[in-house]
Amino acid sequence: MKELYCQKPSVISRLLPIVLCLLSVNLAMGQSIQQQNIPFFDENNNQLDLALLGGLNNPQFSEVDWNNDGIQDLFIFDKDGNMPMALLNKGAANQVDYHFTAEYISDFPPIESWAMMRDYNCDGIMDLFAHSRIPAGIRVYRGYHDSDAVKFTLVEDFIEFPTLNNFLVNLFVTSEDYPAIDDIDNDGDLDVLTFGVSGGWVSYYENQSQEMGYGCDSLIFELVDNCWGRFFESGLSCPLDLSPKKDSCVGLDTFIGQPQAPDAGIHVGSTLLTLDMDADNDKELLLGDISFTCATMGYNTGTADTAWITSQDAMFPSDDMPIDVTIFPATFHLDVNNDGAKDLLVSPNRINTSENYATVWLYENSGASNMPDFNYQTKTFLVDEIVDLGSGTSPEFFDHNGDGLLDLVVGTFGFRVEGGNYEASIFLYENIGTLDLPEYKLVNTNYTNLPENHNLRAIDLTFGDLDGDGDKDMIFGEEFGKLFYYENVDNGDGIANFQNFDTLDGNYNDGDNTVGQIDIGQHATPFLVDIDRDGLLDLIIGEKNGNLNYWKNTGTTSEPLFLKMDDFFGSIDCREFGFPEGFCDVTVKEIDGEYVLFTGSEPGNIRRYIHIEDSLAAGAPFLQADSLFGNIVQGRRSRIAADDINGDGEFDFFIGNQRGGLALYSDGEITVSNTVPDTPDFTFNLYPNPTSNLLNINYIHTENTLADLTIFDVLGKNIYQEKIQENIQLNIANLSNGIYFCKVQIGGQFEVQKFIKR
């Protein structure tokens, strides 16, 4: 049962307007918390329907019917962070009609590197094919319906095939490749095309399920051709080396079932897509290479059983906008606009070095699925409906305009720019909703006006009053481990005004009392909190190595002085097996009078630590309560912002990630996914509050009519009155400092809110 209480002021965070009382905040400690989508708007007031999907850097796409309604929905697997995502298709004819959902991937199998949906057993339900790490190959999960939802169960850890001596060996597929899994010979079961361990020849593994009388429900493979198409991919340029004869292979004297040439070199990465381009019932091949931005279409004039690529388009499609994806294009064939013809999607397939915003090229098909006419449409398909800020998002809550609503400030690693560099920034999303129905609008793409050529990346923010003037200042860390400081200079209107950009210095206390810029190594992620409860904000700073640093504030409320105390704070190590680096992030919240500490990490899991103060008093390591808090999964380099954004007494969590997006998790439902909250019949808002000179008043009424505005003092005296319509700004500089009441009335409906003039 929730109890109502009025929170006392603290140095950790400013209160909502003093007229508000907050509900006690509780956490569902042992249960999953729900991923949600709430209204976000871009700078032009366009609502982003898929806002909190989480960003797309290296997405891979497949069709799947998630909810068993007969309409093909969308499965997205992002290679950057191994993140599965789901979108529902409502099926509007000749339209892209995808909608946000999270329920279908809440208990998705752990997969990595690549994944695709294919129906191998012909039961009408998509199965999941994914990369198997050890040994490198193909793992298979069978799909089945469970309460009108698709679930998956493991059927093959890795697919094998027999050698000439009938020894079973692994069907090899690297983590860099994206193989073609398709019915190559048109016999009704799924075959595999992929590159071998070495060289540039495509191997064809034919499924023998039909031939052995099992129908299409088995995965029994045989290597029948290690030079499918008779071409060679050199990896030196986009064009393929084509064979002049159907019975010869470029670079191999003998090829069917024989080992490849020893001087072929190590295969480093290719993507394959098979499709019929000319309705002749054999498969053409669209190929991308890890070294290039182009994709090559190889045209097959052989047969379904014996492929022979005799011509090619090395700048496909050369009759339109050629594919030019930075870098390593992967291609996908599916109907995204519900017109019955499969379209073409293209995305980069190499993490860390690829384009990180224009990541989904759409070519709509104006022809048929087996005789397509692809027409370029956009480089930001779906991305322009998502909050996607490039790479490395680090969110934090901050009421920038004093209206009592928590805004969202997001630091980033940056957008990829020409030359392979990244341009980081700080983004401000203003909360334009209400106390219980938050909505966010992008209002500034360079909040704080970072200087040009600042050479800052991986910006991670924290806010707190460091100079004792009653407003919150900003500290942020960056890629090379240093901290920087912005002072919030009062400009009289209650709106944050960050000035005096400078380095943040501290006392290293290394025996020489060295004072200099705080530098913790790499990827500093600071958080301000009075961890020792002495009335001064201290710094806890995560870093790339996976540890936390503790810098105690030994100064005063107006002049902080940070002293390095511990570089292995709480004995926390954010690294996990298989991840040599931790990229630790930290957030501390007070719950029922006690601190709870959360960490994000390179693996992406969020840990929760409790009894912090008891551990500090005892000099003991912090007690880890769980290693996957709330079952939150958003891919690598998770970054956490936590607060109650809808006044329901429960913490809400915005999670940033390396894909450059945001995700929202909440114990209580905030809004119905993918819908704008219903407009109330009548409501109004005023801000900033408190204020010195200007007071903004806006109201919403279903009839968009005139309203009566009246301002009273504390004695009930009417000191101002006028007719208004929707939004006004009043200059109240002539009012004496004190408390006033603002009344907005339409007919018999009215609301009264308090504001403070200071």
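Heavy atoms only: backbone and side chains are in, while hydrogens, waters and symmetry mates are out.
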Quick one: are [X] and [Y] in side-chain contact, heavy atoms under 4.5 Å?
X	Y	value
H99	K90	yes
F569	I540	yes
T587	L597	no
I655	L662	no
I610	E594	no
F415	E355	no
N337	Q95	no
L362	V336	yes

Quick one: closest heavy-atom pair of [X] and [Y], and the distance?
X	Y	answer
A115	S62	O-OG, 4.5 Å
M126	V150	O-CG1, 4.4 Å
D123	N121	OD1-OD1, 2.9 Å

(request) Start with the C-alpha distance between D652 and S666, add both sets of side-chain angles, then the distance that settles side-chain hydrogen bond (donor to acceptor under 3.5 Å, both in side chains), and finish with yes or no. (result) CA-CA 5 Å; D652 310 297; S666 177; 2.5 Å; yes
Identify whether the distance between the nearest side-chain nitrogen and carboxylate oxygen of [X] and [Y] falls below 4.0 Å.
X	Y	result
R607	E576	yes
K589	D643	yes
R118	D127	no
R636	E602	yes

Taking [X] for the side chain and [Y] for the main chain, is one N or O donor matched with an acceptor at less than 3.5 Å?
X	Y	value
T599	V586	no
N657	G660	yes
D73	N89	yes
N431	G433	yes
S132	R139	no
T412	S425	yes
T359	L56	yes
N605	S627	yes
D148	N67	no
N646	L435	no

(request) Might you work through the side-chain hydrogen bond (donor to acceptor under 3.5 Å, both in side chains) test for E430 and N444, ending with a clear yes or no? (result) CA-CA 9 Å; E430 184 176 300; N444 199 322; over 6 Å; no
(request) Look at atom CZ of R575 and say whether more than 12 heavy atoms of other residues, nucleotides or ligands are closer to it than 6.0 Å. (result) no
(request) Flag the pair F398 / Y429 as yes when their ring centroid distance falls below 6.0 Å, and as no otherwise. (result) no
(request) Answer yes if the ring centres of F61 and F381 are under 6.0 angstrom apart, and no otherwise. (result) no
Once the angle between the rings of [X] and [Y] is folded into 0 to 90°, is it parallel (under 30°), tilted (30 to 60°) or perpendicular (over 60°)?
X	Y	result
F654	F40	perpendicular
F129	Y120	perpendicular
F598	F653	perpendicular

(request) Please report the C-alpha distance between D42 and K441 in whole Å, then the side-chain angles of each, then the deciding distance to 0.1 Å, and finally whether the salt bridge (Lys or Arg N to Asp or Glu O under 4.0 Å) criterion is met. (result) CA-CA 6 Å; D42 65 16; K441 178 186 175 182; over 6 Å; no
(message) Can you tell me how far apart CD1 (I386) and CG (L52) are? Round to the nearest 0.5 Å.
(response) 10.0 Å
(request) Please lay out, stage by stage, how E396 and L408 fare under the test side chain to side chain contact (heavy atoms under 4.5 Å, CB included). (result) CA-CA 6 Å; E396 190 56 80; L408 196 62; over 6 Å; no
(message) The test is side-chain hydrogen bond (donor to acceptor under 3.5 Å, both in side chains); show your working for S354 and N58 and say whether it passes.
(response) CA-CA 8 Å; S354 66; N58 305 105; 2.9 Å; yes
(request) Check step by step if ring pair (Phe, Tyr, Trp, His ring centres under 6.0 Å) holds for F527 and F463. (result) CA-CA 8 Å; F527 191 81; F463 296 90; over 10 Å; no
(message) If you apply the rule side chain to side chain contact (heavy atoms under 4.5 Å, CB included), what do you find for H523 with E543, and how did you get there?
(response) CA-CA 5 Å; H523 286 265; E543 64 169 287; 5.9 Å; no
(request) Tell me, please, which residues at least two apart from D107 pass salt bridge (Lys or Arg N to Asp or Glu O under 4.0 Å). (result) K151
(message) Tell me whether R457 forms a cation-pi arrangement with Y422, defined as NZ or CZ under 6.0 Å from the six-membered ring centre and within 45 degrees of its axis.
(response) no
